[in-house]
Amino acid sequence: MTHTFIAYVEDMPGVLTRVASLFRRLNINIHSLTVGHSERPGLSRITIVCEASAEAGHRIRASLYKLENVVDVDDIAQAPSVTRELALIKVAATPKNRSQIFELAEVFRARIVDLAPESLMIEMTGVESKIEGLIQVLNEGEDRILEICRSGKMTMRRGHHTSRVLRAMGAAAEDNAESGTEPPENLEAGAAVEPQ
Amino acid sequence: MASRTKPHTSDAHLTTPTRLTGAEIIWATLVGEGVTDVFGYPGGAILPAYDALRKFPIHHTLVRHEQGAAHMADGYARASGKVGVAIATSGPGATNLITGIATAMLDSIPIVCITGNVSSKILGTDAFQEVDITGITLPVTKHNFLVNRAEDIAPALRHAFQIARSGRPGPVLVDITKDAQQASAIFDFAAAKPRPYRPHPMLKVEPSGLAHAAELIRDAKRPVILAGHGVMESGAMEQVRTLAERAQIPVALTLLGLGSFPASHPLNLGMMGMHGEAWVNHAIQEADLLIACGMRFDDRVTGSTSTYALKAKKIHIEVDPAEINKNIKVDVALVGDLRAVLEDLLPLVATRDGSAWLKTIDASKGAVAVRDIKNLPDSGHLYAAHVMHDLWRITGGDAIVATDVGQHQMWEAQYFHHEQPRTLITSGGLGTMGFALPAAIGAKTACPDKEVWVIAGDGGFQMTAAELSTIVQEGLNINIAIINNGYLGMVRQWQEFFYERNYEATPLVSPDFVKLADAHGICGRAVHSRAELADAVAEARSHNGPFLLNFMVEKEDAVYPMIPAGSALHEMIRRPGKSPIVESADDKL
């Protein structure tokens with residue numbers, strides 16, 4: 001199954017290697033990895049997506065906690081959460097076929113962020129499937145994709161469950177049942193808009 | 001013991017912040033952490049530290065190879081329960097430590113290794129003797145530090161000690177650049193204190209879990225306690241014993257658990273696993289409840305996991321959450337310090353009658369019992385089992401024994417009966433040949449008043465034999481027993497059983513070990529028959545100084561029983577019928 005781990009780590013040299021090395025040692029391939037500052041000073045937030053057996057989740061989380069620089073770990077698993085990915089896509093486009101791509105971008109709620117005589121750049125945020133949808137449509141059309149840059153998944157639990165609350169609650173990740181109120185339906189729908 | 005007392009500098013720097021060089025801060029911090037002995041080897045990048053050593057009340061043992069330094073720190077830690085310290089220079093000095101660090105990692109031994117590195121200005125330039133030792137040791141340390149400022153040395157070292165000894169212990173490496181050692185900083189021992197220790201957030205001992213465990217114990221008909229190294233690390237010997245006695249539960253031990261429960265105790269079954277006696281493994285396979293205390297269901301104790309103790313419910317009491325359900329799925333996990341968990345559990349456990357189950361185990365012992373080998377007629381051959389048995393008998397089982405890895409290690413585990421914790425020092429997880437001699441030096445340094453024996457094979461002994469000089473230089477009274485069969489015995493045994501006796505690369509030519517000892521100024525004696533054994537051991541023990549005994553044992557003896565790797569625990573290769581050491585089922589006692 002797909003696991004999504006959120007790790008708060010000390011923002012210092014070598015910490016990413018320690019985290020990545022753990023997955024290497026367990027022979028688990030990391031699908032995506034994003035790192036950035038968090039709401040807590042001095043701590044970075046890492047989102048790691050990987051494929052591993054359901055039972056492996058516990059051991060990975062426990063092993064992450066054994067790393068001295070790891071402060072908090074959450075295994076999102078199947079808990080209600082919001083996941084987003086950012087993609088920049090550069091497409092070969094001339095003045096002749098630009099408008100067609102503009103339309104496409106609008107349908108996907110993507111933005112054109114750069115325009116050059118022979119190319120344009122699309123910025124898009126969304127769930128993985130939505131980004132893949134756009135890429136597929138671009139590939140199927142006559143437009144030529146020149147470059148793709150994807151950020152990897154970022155995930156946050158729905159509701160109030162910030163890592164601090166989770167820590168206070170102790171049991172946290174094992175207990176997805178009590179992960180807060182379900183989002184209003186329209187919000188959910190809005191988040192999952194698929195153009196096709 | 002040359003120059004054990006050194007000029008003390010005032011201890012004022014431990015209480016009053018003082019400006020010191022980085023090199024001085026290293027030693028001052030070690031003194032503050034209670035370190036009295038270190039094992040090391042100097043070199044360019046660590047020279048500033050060595051230059052400052054004379055000012056501090058720390059004894060330095062010069063090793064002959066840095067692997068020895070790490071093993072000595074390890075043996076020191078295993079024998080004393082304190083943190084062992086090894087020191088090496090950059091580059092090859094640091095890489096030579098790695099086998100010793102990995103040995104400590106696999107067996108959860110608290111050691112701190114300090115390495116010098118090239119100056120921070122040239123880090124990453126492939127400078128002379130530069131190596132990325134924090135990168136290299138990342139998977140075999142609990143944590144490591146790269147320090148390139150004098151003011152960071154004390155906090156890093158203090159943090160290293162905290163990490164090494166807390167939770168599930170393990171090795172920590174602190175790599176200190178040469179310019180950090182040469183620079184100066186205000187040394188404030190108290191201010192360098194690490195942040196409070198954070199227990200693993202997934203430790204979990206719930207009242208419901210304790211109640212469930214107590215219920216399982218109450219209702220079990222055929223329970224077995226599995227006692228591992230964690231019993232010693234947690235200091236839970238009394239608690240395990242109370243549990244066993246109160247509920248009348250037999251205790252099986254892992255290799256590293258030997259000594260944590262007295263061998264002579266009527267409830268002690270002995271060592272479990274690959275070379276455990278048949279009744280121990282049968283008891284585990286037949287059990288309806290296993291209470292695993294500070295052990296990790298290593299593949300050497302489970303055999304095939306798909307056939308392991310299928311009839312048993314399992315309670316796992318363990319300090320490392322990552323070990324829960326890793327190899328064997330358990331019914332109740334009590335994740336915490338073993339001693340604390342047992343103290344919470346014991347009030348819930350009532351006395352129990354275990355006689356029927358104990359009788360069943362006793363009956364299974366009868367069929368395969370190891371004959372009391374001291375009563376065996378002397379057939380003229382010398383068997384390693386005899387050596388172990390007689391060493392045990394003559395030393396009264398009180399000695400600290402450091403073993404190497406291989407057949408002799410398993411024979412020692414079978415025939416030398418350990419009553420006390422920290423009396424068997426052996427590399428279990430990594431199985432490091434060459435471990436015994438340096439580990440014994442560490443143990444003797446930690447416990448100078450204890451009798452210390454090295455038991456090593458002719459193969460493993462040669463891997464670190466250079467440390468004989470260290471024994472002499474340090475004036476250590478260590479006795480050495482070489483179990484010499486002219487083969488890499490355990491590998492030969494595998495070739496015999498599983499590779500059609502194709503003895504490829506296992507016959508071994510060795511020097512005359514007695515002459516080798518003599519060249520070092522160590523007395524020695526070869527022993528060819530059992531008749532000479534007791535006298536030789538007595539001579540070694542009464543000799544003032546180290547002594548080497550070269551036991552010329554039966555060449556193609558094998559360790560029985562044996563569970564082939566990956567087989568079920570009950571599918572063992574038993575002793576051949578007419579073994580001169582052990583009776584078969586139809587022999588009369």
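What you see is a predicted model; the values in this text were computed from it and never measured. Throughout, a chain's letter reflects where its sequence line sits, starting with A, and its residues are numbered from 1.
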> At a heavy-atom separation under 4.5 Å, does B:Ile324 approach chain A through its side chain, its backbone, both, or neither?
Replying inline: both
> Hey, is CD on A:Glu106 packed in by over 12 heavy atoms from elsewhere, all under 6.0 Å?
Replying inline: no
>> Is it the case that atom CE in A:Met154 sees more than 12 heavy atoms from other parts of the structure closer than 6.0 Å?
In response: no
>> I'd like to know whether NZ of B:Lys313 has more than 12 heavy-atom contacts from other residues, nucleotides or ligands below 6.0 angstrom.
In response: no
>> Within this structure, what is the NZ-OG distance for the pair B:Lys326 and A:Ser63, rounded to the nearest 0.5 Å?
In response: 8.5 Å
> What pair of heavy atoms forms the shortest contact from A:Ala62 to B:His200, and how long is it?
Replying inline: O-NE2, 2.8 Å
> What closest approach, in Å, do A:Arg25 and B:Pro139 show between heavy atoms, and which atom pair accounts for it?
Replying inline: CD-CB, 4.4 Å
> Does any non-hydrogen side-chain atom of A:Arg61 lie less than 4.5 Å from one of B:Pro321?
Replying inline: no
>> Could you check whether any side-chain heavy atom of A:His58 comes within less than 4.5 Å of a side-chain heavy atom of B:Asn325, counting everything from C-beta outward?
In response: no
>> Please determine whether side-chain contact (heavy atoms from CB on, under 4.5 Å) holds for the pair B:Asp320 and A:Lys66, giving the CA-CA distance in whole Å, both sets of side-chain angles, and the decisive distance to 0.1 Å.
In response: CA-CA 9 Å; B:Asp320 182 354; A:Lys66 283 166 71 173; 2.5 Å; yes
> How long is the span from the CG atom in A:Leu67 to the NE2 atom in B:His143, to the nearest 0.5 Å?
Replying inline: 9.0 Å
Side-chain donor-acceptor pairs under 3.5 Å in residues 110-123 of chain B, sequence neighbours left out?
{"unit_1": "B:Thr115", "atom_1": "OG1", "unit_2": "B:Asp175", "atom_2": "OD1", "d": "2.8"}
{"unit_1": "B:Asn117", "atom_1": "ND2", "unit_2": "B:Asp175", "atom_2": "OD2", "d": "2.7"}
{"unit_1": "B:Ser120", "atom_1": "OG", "unit_2": "B:Asp179", "atom_2": "OD2", "d": "2.4"}

> Is A:Glu68 paired with B:Arg195 through a side-chain N to carboxylate O contact shorter than 4.0 Å?
Replying inline: yes
> Near A:Met121 CE, under 6.0 Å, is it more than 12 heavy atoms from other residues, nucleotides or ligands?
Replying inline: yes
>> If the contact rule is any heavy atom under 4.5 Å from chain B, which residues of residues 11-21 of chain A qualify, in numerical order?
In response: A:Thr17, A:Arg18, A:Ser21
